[in-house]
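Shown next, in structure tokens, is the structure this report addresses.
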Amino acid sequence: MNSNPNKPGGIYIHIPFCIKKCPYCDFYSITEISLQERFISAVISEMNITCNLHFKFDTLYIGGGTPSVLETKLITRIIKTTSSLYKLLPDSEITIEVNPGTVNLKKLREYKCAGVNRISIGVQSFQEKYLNFLGRIHTVEEANNAIRWVQDAGFENMGIDLIYGIAGQTRKSWLCDLAKAVSYKPEHLSCYMLTYESGTPMEKDLQKGCFKPMDEKKVGELFTETVEFLAGEGYAQYEVSNFSREKIFRSRHNQKYWSFEPYIGLGPSAHSYLESRRYWNKASVEKYIKDLDQGRVPICGQEVLTREEMMTESVFLGLRRTDGLDVSEFNSRFDEDFFKIFGELIYDFQKKGLIITNQTSCVLTTKGMLFLDSITSRLVNQGF
Ligand code: SF4
């Protein structure tokens, strides 16, 4: 099964610079921001190599890292070059991730002039002690200012990112964070459960017993409370960690990752997915620049997904979304009968209150979402 060629694709550009590394983060980024001009020239070289694709695109997502550490003229250059080299449709969603402490009103206005129409702000918490625990560079005041400036600059599509499950966080303090975020009426909210990724400084501290993590049951309770609280405030969940005020404010770009639509990723460590082939770039700014300076593509790995792998991903990605797994689409894509293969297990999950199903879709309940990984692995282990 191929990526859906009839749907417009997405373009992701990874800006691999941060002022300081947050101890929980395992995204590729470096703090040597003096390389930015050379890096952008390399991205433009990569665009020139990859722009002959037959796809149309309707999203451009500038993520990272911290894209807002770049000089604004470089962001403008990226957007202009993307628009001139790729078939970027006129109503495209153009997102940039920003971090408080790295933006001001002037910069945000310039983003708007450059064509950005969606801002995603990495706030993570509205409480100093948790920002400190997460090693963020910004204060609560800077987070509040950044949100106001986004609104003052006239953006009509703003997303706020928050993290829960932080050591020492209470139910009350998390609900305060949510209430504060909602008070700004953002169009979109992402609420991520703190995870301890292997090899990160925070995971090492956890192993050494430097702090006591929140217990899993309590984290699960916060997840359930998040879904309920936000529903009460008019934010519908559409994916495990994502909520929007209206359907049109769902992240068009991120939905591509969950629905087999094609996307290309530019920049170090960025992944692309085209016609069942997934490939990814080297996770090194220096090697990325060197390759492109010498006219080479900076790809370091690729895989062509087998039919079984595609089926596994279909189940996993479908169940992440509140629209659920589209059973008829699965059947026609793979020429299979979903319920014939999985009927018994699905019925078992349904009895346990983990899945709701009819003949056309399978949707995880809020409780089921907490067990997404184990539900998927039980389905997959049963075999196709
Ligand atoms: S700012 Fe974002 S990308 Fe950079 S280290 Fe922190 S979490 Fe990771």
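As the structure lists them, so they are numbered: ligands from 1, and atoms in each ligand from 1.
- Nearest non-hydrogen protein atom to atom 2 (Fe) of ligand 1 is Arg136 NH1, 4.0 Å.
- If you look at Tyr257 and Tyr263, their ring centroids are closer than 6.0 Å.
- In terms of heavy-atom proximity, Ala143 sits nearest to His138 at CB-CD2, 4.2 Å.
- Contact annotation: for Ile137 versus ligand 1, there are no heavy atoms closer than 4.0 Å.
- Ligand-side atoms of ligand 1 in range of Thr66: 1 (S), 4 (Fe), range being under 4.0 angstrom from any heavy atom.
- Here the protein heavy atom with the shortest distance to atom 8 (Fe) of ligand 1 is Cys25 SG, 2.3 Å.
- In this structure, atom 6 (Fe) of ligand 1 lies nearest to the protein heavy atom Cys22 SG, 2.3 Å.
- With respect to the salt-bridge test (charged N to carboxylate O, under 4.0 angstrom), the residues Lys256 and Asp58 qualify.
- Taking atom 4 (Fe) of ligand 1 as the reference point, the nearest protein heavy-atom neighbour is Cys18 SG, 2.3 Å.
- Look at Glu309 and Arg278 and you find no salt bridge, because none of the NZ, NE, NH1 or NH2 atoms lies under 4.0 Å from a carboxylate O.
- The protein heavy atom nearest to atom 3 (S) of ligand 1 is Gly65 N, 3.3 Å.
- The environment of Phe155 atom CZ is dense: over 12 non-hydrogen atoms of other residues, nucleotides or ligands sit within 6.0 angstrom.
- In this pair, Trp174 and Tyr164 present their aromatic rings tilted. The plane angle is within the 30 to 60° band.
- Of the listed options Asn99, Leu134, Ile163, Asn99 places a heavy atom closest to atom 1 (S) of ligand 1.
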